[in-house]
Amino acid sequence: MTVARAAELIRNARRGLALTGAGVSAESGIPTFRGEGGLWTQYDPVKVASIEYFMADPSAYWKVSKDRGRVALAASPNPGHRALAALEASGRLVAVATQNTDGLHQDSGSHNVIELHGSGRTVMCLDCGNREARSEVQARLDVEMPPRCTLCGGIFLKPTVVLFGVPLPQPAIQQAFALAREADVMLVVGSSLVVYPAADLPLIALRSGAQLIVVNAEPTPFDELATVVVQGKSGEVLPEIAALIGG
Ligand code: NAD
Ligand code: ZN
């Protein structure tokens, strides 16, 4: 049985690393980008999530971001997030590297979270560098569009997420790559594994001799390289795995 095999591999892990994607937050009500019902069936990603688009018209960016932000800020961790936090607490996982920007891993009690694509919980003014909580900015979007910097009045207030056309935060990438090189088990959850360099992590781990486990609702390009593939919902599969492992 694949869940039992996955549990066995993780039980023996000493330097396990998880890589998560949008799928892990789907059961918290946050839509994924790709996959069934994904956002990119509605929007053109390069348009709405690129730095060029943002700089050309911050209000157009915020009009789309407003709805997504409301959903993400209201979301709570699901059993999948909690199972990953438990696996870290019991020493099986060293860290969670995530492509998500929703902060739900931290909310669920994971301590070592590497945010590869930044955080949607903070907003930064590109003119003066002032930072504000996303919730504060979110609260005034109904009356202020685009939102303005409370310090300098600038209109280029950008969530601290990585938009298309901008390099990934180097410290996070480097830390994740180092952990992937040292990992004995790489657990990928809820990622289509088509976005690089995040998808380099399982490749690096494999090259260093790690066993790869993929938990995803749909097939991924890495399935054939994995020791175990569990096709299913992370909010169901991960608690099963964690329960088999115990404290
Ligand atoms: P993706 O949207 O490309 O892929 C998500 C994958 O999760 C799909 O293969 C889908 O089949 C699978 N999935 C859907 N529901 C699932 C479930 N309940 N359990 C397990 N798997 C499930 O996501 P990605 O690989 O993370 O890459 C997309 C980019 O989207 C990233 O850059 C990320 O920053 C961004 N993003 C983040 C959030 C978030 O913060 N929650 C949400 C959407 C997109
Ligand atoms: Zn400012």
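As the structure is a computational prediction, the values presented were derived from the model and not from experiment. Read the numbers this way: they start at 1 and go in the same order the structure lists the ligands and their atoms.
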> Heavy atom of G232 under 4.0 Å from ligand 1?
Replying inline: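 Distance cut 4.0 Å: G232 passes for ligand 1.
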> Strictly under 4.0 Å, does any heavy atom of A198 approach an atom of ligand 1?
Replying inline: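 Per 4.0 Å heavy-atom rule, A198 does not contact ligand 1.
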> So, for V71 and P31, which heavy atoms are closest and what is the spacing to 0.1 Å?
Replying inline: CG1-CD, 4.4 Å
Return yes or no for this condition: an N or O of [X] is under 3.5 Å from an N or O of ligand 1.
| X | answer |
| --- | --- |
| P31 | no |
| T20 | no |
| F33 | yes |
| S234 | yes |
| R68 | no |

> Which residue from G23, S192, S191 reaches closest to atom 17 (C) of ligand 1 through any of its heavy atoms?
Replying inline: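 Minimum heavy-atom distance to atom 17 (C) of ligand 1 goes to G23.
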>> I want to confirm something. Looking only at heavy atoms, which of Q99, E27, E218 is nearest to atom 18 (N) of ligand 1?
In response: E27
>> I need the contact type for A26 against ligand 1. Using non-hydrogen atoms and a strict under-4.0 Å cut-off, is it side chain, backbone, both or neither?
In response: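 Answer for A26: side chain.
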>> Need the ligand 1 atom indices (1-based, order shown) with element for anything under 4.0 Å from a heavy-atom of I30.
In response: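 Here the atoms of ligand 1 in question are 41 (N).
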> Sub-3.5 Å donor-acceptor pair from the side chain of Q138 to the main-chain atoms of K66, do we have one?
Replying inline: yes
> If the Zn ion (ligand 2) is the vertex, what is the angle to SG of C128 and SG of C125, rounded to 10 degrees?
Replying inline: 110°
